[in-house]
Each structure stands twice: as structure tokens, then as C-alpha cells.
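Labels below follow one simple rule: chain letters A, B, ... track the order of the sequence lines, proteins then strands, and each chain is numbered from 1.
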2 protein chains.
Amino acid sequence: MSRHEPHAVNTDDLPPGQVEPQFADALKLFTVVSRAHAALHQGAREDVARHGLTLTEFAVLEVLYHKGPLLLGAIRDKILASSGGITYLVDRLADRGFVERRECPEDRRARYAALTAEGIEFMHRIFPEHARCLARLVDALSPEERKTATDLMKRLGKGARDAPS
Amino acid sequence: MSRHEPHAVNTDDLPPGQVEPQFADALKLFTVVSRAHAALHQGAREDVARHGLTLTEFAVLEVLYHKGPLLLGAIRDKILASSGGITYLVDRLADRGFVERRECPEDRRARYAALTAEGIEFMHRIFPEHARCLARLVDALSPEERKTATDLMKRLGKGARDAPS
DNA sequence: GATTATTATCTCAGTGCTAAACTACTCTCG
DNA sequence: CGAGAGTAGTTTAGCACTGAGATAATAATC
């Protein structure tokens with residue numbers, strides 16, 4: 001089970017407020033990932049806010065822009081939202097004219113979301129700028145470091161999802 | 001300004017839906033950090049939910065547990081919340097008897113939040129288990145990899161905060 | 001010492017989101 | 001086929017959180 005270190009330890013006689021050394025690095029990694037994510041998220045958020053979008057709205061537009069029309073459930077999986085959240089999100093984007101729902105002939109329960117012509121034109125206009133914003137946000141790491149970080153975060157995420165509860 | 005690669009590029013003649021190769025890794029890193037964070041967050045969230053706490057509530061308890069009484073503003077900085085959010089959060093924890101407000105003699109605008117005896121006892125009881133949960137969540141990486149990841153995320157976060165808007 | 005700017009917290013209206021119940025449809029298997 | 005289980009999306013109630021303004025106190029400047 002344990003891949004790298006022991007998980008059972010007696011903590012009863014440590015003074016309150018002390019983190020056991022062997023867990024301190026796990027906690028540190030957790031907080032540092034949280035803070036990095038918060039910083040990236042906020043930088044990206046400020047960028048898309050200039051166009052009156054939330055980051056989640058942008059994420060939907062982006063995935064449709066790059067993958068084409070997608071079932072709502074597929075979008076939900078990509079952007080990690082709840083089913084109710086997707087409905088709400090697509091409603092908002094449809095109200096603004098960027099997205100439309102299309103019926104799915106193979107399964108009449110399901111719906112596609114697709115960019116409208118206006119949505120495509122909009123993304124074509126703003127996406128490159130957003131990509132440059134992201135590039136600036138990660139620019140503190142060298143290309144090799146970014147590669148390492150990407151690999152480590154991929155495995156960290158997978159490991160955390162698979163972790164025994 | 002640019003530390004590692006060029007930031008200006010002509011994207012006009014790329015077909016819609018194509019990410020320019022030089023920005024693809026920035027985007028990839030962004031999403032992989034998001035997903036790793038989401039997985040860690042959810043794992044930790046499920047753990048504290050068993051005690052009827054949100055992760056933010058737990059974060060407040062944890063910082064008070066490890067640092068002692070703190071001004072509300074100091075907590076806000078530590079856990080990255082808004083001022084209104086801290087008031088709301090401390091209210092909820094006070095309602096449950098884990099935390100109390102104390103006046104600050106040096107500055108009568110400010111308030112301390114401090115764990116009650118019950119709060120200390122509660123954290124003493126549940127914190128070690130939570131630390132083990134975090135350790136399991138990051139267990140896919142070896143100790144050396146965790147160290148590397150921590151370093152990279154720290155610099156990524158700092159770089160993103162300092163990035164020119 | 002009075003005036004102004006700043007700071008710490010609280011209040012409150014609004015928002016993005018979730019979870020659970022619900023509707024409509026599809027699949028499975030006797 | 002037809003009953004029941006399962007699935008895709010929507011609805012609804014409610015919650016954690018934000019941001020802007022209000023309040024009260026402190027610091028800075030004249």
C-alpha cells in the first residue's frame with residue numbers, strides 16, 4: 001500500500017501545535033500547490049475578467065473552441081464541474097450569444113453545446129492574448145522546469161485521485 | 001522582462017482551435033496544476049467533512065492551532081480569503097465553540113481569534129489523522145520528487161504573483 | 001490639536017456553485 | 001415486448017464566498 005513512507009505513527013505525546021516531521025513535507029506540498037494554483041487562477045481570472053467572463057465560462061469556451069461541439073457531460077468532465085453547474089454555465093454563455101445547445105440525434109436525453117459563429121469569432125480574437133497571459137504567468141520556470149513540474153503535477157493529481165480514502 | 005521565451009507572436013493565420021506550440025506547454029502546466037490542486041483539495045475536503053467542517057474552516061483551525069491566537073487580518077492573509085469571508089468563517093467556528101474572538105489592547109479596531117479549550121482538544125484529536133490523509137494524497141511522489149515539486153510550485157506561485165499584468 | 005488619510009473589521013447584497021430531487025429518455029433482460 | 005435499472009440534463013434550495021460600502025479606530029500632516 002504505502003509506496004514511500006510509513007503511515008502509522010504515535011502522535012499522542014507531541015505538544016499541540018507541532019507537526020510531526022514526517023508529515024510536514026506533505027503539508028508543505030499541499031499548501032504550496034494551493035498557493036501556486038491560487039496565483040495562476042487569479043492571474044488568468046483577471047485576464048478574462050476584462051472581457052466580462054469568469055474563468056469557468058472561459059474554460060467552457062476554450063474547450064469548445066479546441067474540440068468542437070461537445071455533449072454537456074463531456075464538458076463537465078473536462079472542466080470538473082457539477083451537472084447543475086454546467087447547465088447554469090451554458091445558460092449564461094447562451095444568453096450572451098457565444099454558445100448554443102444542439103440536440104443529439106443518437107440520444108435524445110443528451111445535448112451538445114457548440115460555439116456560435118459569434119463565439120468562434122470572439123475566441124479567435126481573445127484566445128491568443130490569453131495564451132500569452134498564461135505564458136507570462138509560468139515564465140518564472142525555465143522550459144525544462146515547466147516540463148518537470150508538469151510531469152510531477154500530473155502524477156501527483158493521478159495519485160491523489162487514486163489514493164485510498 | 002521575458003525570462004525564458006518570446007511573448008509576441010503572430011497568431012492571425014493559424015486555424016481556429018490550434019494552440020501555438022510555444023504556448024501549449026504553459027496551458028498544459030496550468031491545467032495540470034489545476035487538476036492536481038482539485039484532486040488534493042477534494043481528498044482533504046472529504047477527510048475534514050467527516051467532522052462536519054469545510055476545508056476553509058479547517059484551515060483556520062489549523063493555523064490557530066499551529067501559530068496560536070492571530071489577528072483576523074493575519075488569518076485572512078494566511079488562508080487567502082476576503083475580509084468578509086473571515087468574519088463569516090470565524091462566526092461559524094465561534095458558533096460551534098471552537099474559536100473565540102478576543103480584543104486587541106494595542107489596536108482597538110482589531111480582534112484576535114483564538115482556539116477555545118474545546119477547539120484545541122478537537123484539533124489535537126483530529127489533526128494527526130488529517131496529516132496522515134495528506135501524506136497518503138501525496139504518496140505517489142517519492143520524498144525527493146515531493147521536494148522538487150515543492151520548490152517548483154513555490155517559485156511558480158511567486159512568479160505568477162509577481163507577473164506583469 | 002484638528003483634519004485628513006489609512007486601516008481593521010463588519011454588514012449586506014449578490015454570485016457561482018453544489019447536491020439532491022426530478023424529468024425524460026435509453027438499455028437490459030426475463 | 002415491457003418492467004425496472006440506469007443515464008443525461010434540468011430544477012431548486014441553499015451555502016460559501018466576494019466586493020463594496022459602513023463603522024470605528026489609528027496614524028499622519030498641518
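Spacing between atom CG of A:Leu80 and atom P of C:dA19 amounts to 13 Å, rounded to whole angstrom units. In this structure, the CG atom of A:Leu89 is 15 Å from the P atom of D:dT11, given to the nearest Å. Look at CD on A:Glu103: it is 13 Å from P on D:dG9, rounded to the nearest Å. The nearest whole Å value for the distance from the CZ atom in B:Arg45 to the P atom in D:dC15 is 15 Å. Distance, A:Leu55 CG to C:dT15 P: 19 Å, rounded to whole Å. Whole-Å rounding puts the A:His41 NE2 to D:dC17 P distance at 14 Å. Look at CD on A:Gln42: it is 13 Å from C1' on D:dG19, rounded to the nearest Å. Straight-line distance from the CD atom of A:Glu106 to the P atom of C:dT26: 11 Å, rounded to whole Å.
The distance from the OG1 atom of B:Thr87 to the CZ atom of B:Arg92 is 11.5 Å, given to the nearest 0.5 Å.
For A:Pro105 and A:Thr56, each mapped to the nucleotide of DNA chain C holding its nearest heavy atom, the one lying further toward the 5' end belongs to A:Thr56.
Between A:His37 and B:His37, the two ring planes are parallel [angle under 30°; tilted spans 30° to 60°].
Here B:Arg92 reaches the OP1 or OP2 of D:dA16: one of its side-chain N or O atoms lies under 4.0 Å away.
Listed here is the closest heavy atom pair of A:His51 and A:Arg96: O-NH2, 3.3 Å.
Proximity of the aromatic rings of A:Phe30 and B:His130 is defined here by a centroid distance below 6.0 angstrom, and this criterion is not met.
Every pair passing salt bridge (charged side-chain N to carboxylate O under 4.0 Å, His left out) that includes a residue from residues 35-56 of chain A is listed here, sequence neighbours excluded: A:Asp47-A:Arg50, A:Arg50-A:Glu129.
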Q | Sugar-phosphate or base contact per nucleotide [nucleotides 5-13 of chain C; S, B, -; heavy atom under 4.0 Å] | A | -BBSBBB--
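Using modelled atom types, no side-chain atom of B:Arg76 and backbone atom of B:Ser83 make a donor-acceptor pair closer than 3.5 Å.
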